[in-house]
Amino acid sequence: MTAPLPSGAAGFLARYAALRDVLPGDPALRDAAADAFRTGGFPGATRGRRSEAWKYTSLRPLADLRFQSQLGDASLLADDAITALLARVPTLDAPRIVFVDGAYHAELSTPPAWFARFAEQPDFGTLTWPDREPLVALNTMLAADGALLHVPEDTDAGVVELVHVSTDGAAAHPRHCIRLGANARLTVLDVAIGSGSYLHNPVTEVHVGAGATLTHARLQDEAPGAFHLATTYAGIAGDATYDSFTLTLGGRVARNEVHTLLAAPRATAHLNGAQLLTGSQHADFTSVVRHEAPSCVSRQTVKNVLNDHARGVFQGRIEVARVAQKTDGYQMNQALLLSPDAEIDSKPELEIFADDVKCSHGATVGELDVEQLFYLRSRGIPDAEARAILVRAFLAEALDAVTQETVRAALEASVERWWERQAA
Amino acid sequence: MLEIRGLAASINDKPILKGIDLTVPEGEIHAIMGPNGSGKSTLAYVLSGREEFDVTGGTASFNGADLLAMEPEERAAAGVFLAFQAPIELPGVNNANFLRTALNAIRRARGESELDAVQFLKLARAEAKRLAMPEDMLKRNVNVGFSGGEKKRNEVLQMAILRPKLAILDETDSGLDIDALKIVADGVNALRAPDFSALVITHHQRLLDHLVPDRVHVLAHGRIIRSGGPELARELEKSGYAQVVAEAA
């Protein structure tokens with residue numbers, strides 16, 4: 001065990017200096033990312049420097065922490081503790097790929113034949129912007145492993161579970177890439193769990209080939225002390241669909257950032273989600289949808305249920321290029337505030353350069369409806385149970401967006417366990 | 001038995017009920033009639049525990065218990081049921097689940113065993129059939145996309161399943177065609193028993209042809225200004241409220 005690293009950005013840069021020669025892939029790319037990260041640092045951590053993209057989310061608490069210095073296979077947690085954590089992962093009777101603290105864990109995995117590891121075939125992709133996104137820079141600098149899911153054309157690859165387990169004190173920067181050939185199909189249930197205080201900073205690059213469909217369901221069920229900062233870049237080809245849903249339950253500070261590029265005619269993107277936050281949790285759903293071709297469709301509904309002092313953030317931007325005529329874009333953020341101290345910050349934006357488009361966006365914030373509550377209570381249902389029914393109903397509408405039934409059932413079960421934890 | 005003495009209530013400091021005295025003995029059906037704005041719906045809401053109304057005076061007891069001190073769900077467990085004039089839509093809440101949750105909450109509060117899904121569905125299907133309701137209404141979300149008549153029938157279905165001791169029907173007849181009206185009246189008549197009573201709020205005598213009341217009360221300006229037998233409803237239908245209200249003034 002080496003000496004503890006300094007906290008903050010300096011700690012990660014020191015770690016990079018130590019690991020530079022053993023990390024897989026092009027060192028020039030990593031060096032450039034390290035420069036970008038050195039310049040940018042953690043958003044919110046440097047006084048006086050503010051970025052519009054990180055207006056509502058500060059990573060200052062993260063910058064104050066120290067993380068373990070070692071890399072990779074040596075997990076800090078005993079295998080039985082990891083097994084106990086894995087019991088929280090929905091069982092789909094599908095191939096499962098498990099990463100622990102950013103490294104592939106072969107014994108816990110049952111991978112499909114078309115799975116490969118970033119550690120063996122480093123692929124940084126083509127869509128990401130380490131120079132603009134400090135966390136992507138951090139990931140690019142330190143990524144050691146990740147899942148490469150390449151589905152050949154005309155193949156229905158069914159369902160696969162991609163699970164990441166974090167342990168106390170770890171900082172993981174997995175680099176995943178999901179690539180679907182023309183007319184391929186795949187459903188990924190992407191699960192993040194862990195225990196203790198840690199950083200999970202995955203970057204996922206997605207390419208959906210012409211006519212292909214990727215269903216990407218994410219279950220973020222991290223530990224209460226976790227920093228979960230996930231960035232996804234998705235490029236969607238003509239007649240292809242990227243259908244994503246992110247259920248955010250865990251973490252101390254969480255951000256789900258998605259950049260979607262609708263690159264050819266009739267591409268479709270769904271960026272739906274739900275965030276259930278209690279205590280002093282902070283979760284940020286930030287998305288950019290870029291329509292770069294005619295007749296593409298984007299749909300986004302994000303629902304927030306916020307209790308106690310929790311804070312939800314929604315930033316959504318739809319960009320429509322001049323060529324992207326007949327664009328159909330819709331974006332909605334809804335928040336249910338269960339406590340007077342809960343807070344939602346919502347910033348929907350439209351940037352339209354085409355003149356024949358249909359785009360709308362909106363945001364609603366509210367408390368439980370008193371008439372609905374009275375109706376339930378007048379039928380004999382006690383107040384607490386009546387409130388729970390209405391919150392569930394609000395969430396049920398969000399989960400209806402998940403069309404894949406087994407995945408929806410898995411997410412619903414996770415919501416149920418979340419309820420049980422609230423009641424306990 | 002329901003006993004109301006000097007009941008006064010206001011909303012946003014505006015007095016609506018100004019001293020209601022009313023006794024509904026066990027086994028009887030009483031009708032409350034009166035012009036718009038007379039306080040009929042307020043009376044229904046106050047008796048079922050809607051919090052927006054402030055009770056400023058008087059008492060209401062049900063089978064000896066202080067109704068006004070109870071939470072809405074406690075009143076329901078004690079046997080009070082309000083059929084809403086405008087039933088509330090509950091998007092995302094399945095009608096059958098809603099009904100089972102309500103029934104089991106009431107059974108639990110009464111110390112009775114809960115019904116499982118199979119037992120409940122058997123009961124609900126039978127009641128739905130009796131009310132000539134399509135079975136798919138049980139599968140839909142509560143009142144969402146229901147026609148006006150379907151919403152009212154759904155109220156009666158809830159009443160049939162929850163089997164209250166005191167049913168308060170707030171203009172359940174409004175917006176119903178004659179067939180639906182008969183179904184609603186039959187639904188209430190089916191519950192008639194020595195320990196069942198009902199307070200039927202209505203504008204029209206039409207419902208009372210099928211649901212014959214023991215007593216009829218006229219409510220105006222927050223007070224009961226006249227009471228009588230079923231013939232009073234027919235008199236009101238003929239002469240209108242204006243004359244009765246003027247006579248009482």
Side-chain angles (χ1 to χ4, degrees), chain A residues 245 247 272-276 301-305 332 334-336 338 362 364-403 405 408-409 411-413 415-416 418-420 423, chain B residues 44-53 70-95 97-110 112 114 141-144 151 154-155 157-159 161-164 166-168 170:
Chain A
F245 187 95
L247 176 61
N272 299 311
Q275 312 200 115
L276 280 69
T301 299
V302 176
K303 294 203 175 207
N304 301 269
V305 175
M332 174 58 84
Q334 297 181 319
L336 191 53
L338 301 181
T364 66
V365 182
E367 296 161 25
L368 290 176
D369 185 289
V370 290
E371 294 206 350
Q372 293 181 336
L373 200 53
F374 176 67
Y375 192 61
L376 290 162
R377 293 178 70 193
S378 77
R379 298 304 182 245
I381 300 170
D383 186 57
E385 200 177 345
R387 286 173 190 275
I389 286 172
L390 293 178
V391 176
R392 276 166 207 258
F394 178 79
L395 285 172
E397 285 192 306
L399 286 163
D400 279 348
V402 184
T403 47
E405 261 180 54
R408 188 176 61 235
L411 296 181
E412 282 168 351
V415 170
E416 280 309 306
W418 181 87
W419 277 106
E420 285 160 19
Chain B
Y45 276 140
V46 168
L47 292 177
S48 50
R50 181 109 193 219
E51 281 161 7
E52 287 83 343
F53 295 92
M70 296 158 85
E71 297 293 333
E73 55 267 35
E74 293 170 338
R75 299 182 200 205
V80 177
F81 179 91
L82 169 64
F84 282 57
Q85 186 181 139
I88 308 297
E89 297 185 6
L90 302 176
V93 181
N94 170 277
N95 207 17
N97 287 346
F98 161 64
L99 281 166
R100 185 157 80 95
T101 305
L103 178 62
N104 281 338
I106 287 175
R107 292 179 68 95
R108 209 162 52 227
R110 289 177 183 164
E112 297 166 6
E114 298 186 24
N141 285 341
V142 179
N143 294 327
V144 178
K151 284 181 181 174
N154 200 32
E155 295 291 287
L157 174 67
Q158 292 171 38
M159 184 174 70
I161 287 170
L162 299 180
R163 304 214 146 253
L166 171 67
I168 304 166
D170 188 2

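The chains referred to below are lettered A, B, ... by the order of the sequence lines, with proteins before strands, and numbering in each begins at 1. Excluded from the calculations below are hydrogen atoms, water molecules and symmetry mates; all remaining heavy atoms, backbone and side chain alike, are included. The structure displayed is predicted, hence computed values, not measured ones.
Contact of A/D369 with chain B is not made at all, since no heavy-atom distance falls under 4.5 Å. If you measure heavy-atom distances from B/E52 to chain A, the contacts under 4.5 Å come from the side chain alone. Interface residue A/E397: only side-chain heavy atoms are found under 4.5 Å from chain B. Contact annotation for A/L390: only side-chain heavy atoms (C-beta onward) come within less than 4.5 Å of a heavy atom of chain B.
When all heavy atoms of A/S378 and B/P72 are compared, the closest pair comes out as N-CB, 4.3 Å. Across every non-hydrogen atom of B/L82 and B/S48, the tightest pair is CD2-OG, 3.3 Å. Residues A/V415 and A/L399 approach most closely at CG2-CD1, 4.1 Å, considering heavy atoms. The heavy-atom pair separating A/E371 from B/I88 by the smallest distance is OE1-CD1, 3.3 Å.
For the set B/A105, B/A78, B/A77, the count of heavy-atom pairs under 4.5 angstrom toward chain A peaks at B/A105. Between chain A and the options B/L162, B/L99, B/T101, the largest number of non-hydrogen pairs under 4.5 Å is found for B/T101. Contact count versus chain A (heavy atoms, under 4.5 Å) is highest, among B/E73, B/R75, B/E71, for B/E73.
Under the 4.0 Å criterion applied to side-chain N and carboxylate O atoms, A/R379 and B/E155 are assigned as salt-bridge partners.
Of the possible polar contacts, none joining the B/D170 side chain to the B/F84 backbone as a donor-acceptor pair under 3.5 Å is found.
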